[in-house]
Amino acid sequence: MKAWLAAMIMGLALSSMALSGTALAAIEAHEFASDAELARYRHLADILRCPKCQNQNIAESNSPIAADLRAEVRRMLAAGHTDQQIVQFMVERYGDFVLYQPPFDVRTILLWLGPAGLLMGGAVMLGSRVARARRARSAALPLTETECQRLAQLLRSTDTRRK
């Protein structure tokens, strides 16, 4: 029984380590020509999104494609490419999705203006409902003299029944 329990615990521990990827992640150590080149590498690795992970940049991701992208950035930096050339290469290869801040153009206008449009649409809808409710409250017509007399008579008859 104890052997089964120990085996299950060991299996769970190993599977959770394999799923997280941290136990199997390789540490990358690379030399750069200067501190400025290292800073450029870190900046580019931070602004480029991993195509597989989608919510991580290539610096944080342990996926094989992120490792390939990091290697490509290092290779292009060593070859003397500018940051703009490297970013343009990645965009041509993977599309605007590889950028955390895609450019503002016709294809991405919904991405940039969509949240503001939804917020404004909600405010307009809320305002129209409030205005409609106010109009409905103020549109109630006062009772005519005949209706007031009839109401008073009904109230008196209700009071006499209770007693």
Side-chain angles (χ1 to χ4, degrees), residues 1-140:
M1 183 69 173
K2 289 182 181 179
W4 270 106
L5 185 60
M8 286 177 42
I9 291 173
M10 183 64 97
L12 286 173
L14 289 174
S15 67
S16 68
M17 287 173 28
L19 289 177
S20 69
T22 56
L24 304 175
I27 298 173
E28 294 180 11
H30 301 284
E31 303 240 350
F32 291 93
S34 66
D35 288 339
E37 189 174 297
L38 174 63
R40 287 179 56 207
Y41 170 77
R42 286 183 179 162
H43 170 71
L44 288 167
D46 285 339
I47 65 169
L48 295 172
R49 182 192 321 250
C50 174
K52 181 179 178 185
C53 303
Q54 299 181 2
N55 270 346
Q56 288 181 319
N57 57 28
I58 64 172
E60 297 170 345
S61 175
N62 290 330
S63 73
I65 192 161
D68 291 344
L69 291 176
R70 288 190 299 266
E72 187 65 25
V73 168
R74 281 191 307 275
R75 185 195 64 76
M76 292 179 83
L77 281 171
H81 290 85
T82 65
D83 291 358
Q84 292 169 340
Q85 289 172 330
I86 295 170
V87 169
Q88 184 61 34
F89 172 78
M90 296 295 178
V91 168
E92 287 172 2
R93 193 168 187 186
Y94 298 101
D96 286 334
F97 179 78
V98 79
L99 300 174
Y100 270 115
Q101 293 184 346
F104 184 78
D105 61 10
V106 174
R107 293 177 297 138
T108 60
I109 197 162
L110 187 61
L111 175 69
W112 284 100
L113 300 180
L118 287 173
L119 185 64
M120 287 178 18
V124 166
M125 189 171 65
L126 180 65
S128 69
R129 283 187 168 224
V130 168
R132 192 177 321 135
R134 284 184 182 168
R135 278 192 304 253
R137 268 189 258 130
S138 66

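Just so it is clear, the structure is predicted and the values come from calculations on it, not from any experiment. Heavy atoms only: backbone and side chains are in, while hydrogens, waters and symmetry mates are out.
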For the residue pair [X] and [Y], establish whether any side-chain heavy-atom pair is separated by less than 4.5 Å.
X	Y	answer
Met90	Val73	yes
Leu69	Leu48	no
Leu77	Leu44	yes

Of all heavy-atom pairs between [X] and [Y], which one has the smallest distance, and what is that distance?
X	Y	value
Ala66	Ile58	CB-O, 4.0 Å
Pro103	Trp112	O-NE1, 3.5 Å
Lys52	Pro64	NZ-CD, 4.4 Å
Glu60	Asn57	N-OD1, 2.9 Å

Glu72 vs Phe89, test: side chain to side chain contact (heavy atoms under 4.5 Å, CB included). Steps then yes/no.
CA-CA 10 Å; Glu72 187 65 25; Phe89 172 78; 3.7 Å; yes

Stepwise side chain to side chain donor-acceptor pair (under 3.5 Å) check, Gln88 with Glu92:
CA-CA 6 Å; Gln88 184 61 34; Glu92 287 172 2; 3.3 Å; yes

Distance from [X] atom [atom1] to [Y] atom [atom2], nearest 0.5 Å?
X	Y	atom1	atom2	answer
Thr82	Arg40	OG1	CZ	7.0 Å
Asp46	Tyr41	CG	OH	10.0 Å
Ile65	Cys53	CD1	SG	9.5 Å

For the CG atom on Asp35, are there more than 12 heavy atoms of other groups (residues, nucleotides or ligands in this structure) within a distance under 6.0 Å?
no

Main chain of Ile86, side chain of His81: is a donor-acceptor contact present, judged purely on distance under 3.5 Å?
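Judged by distance alone, no pair lies under 3.5 Å.
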
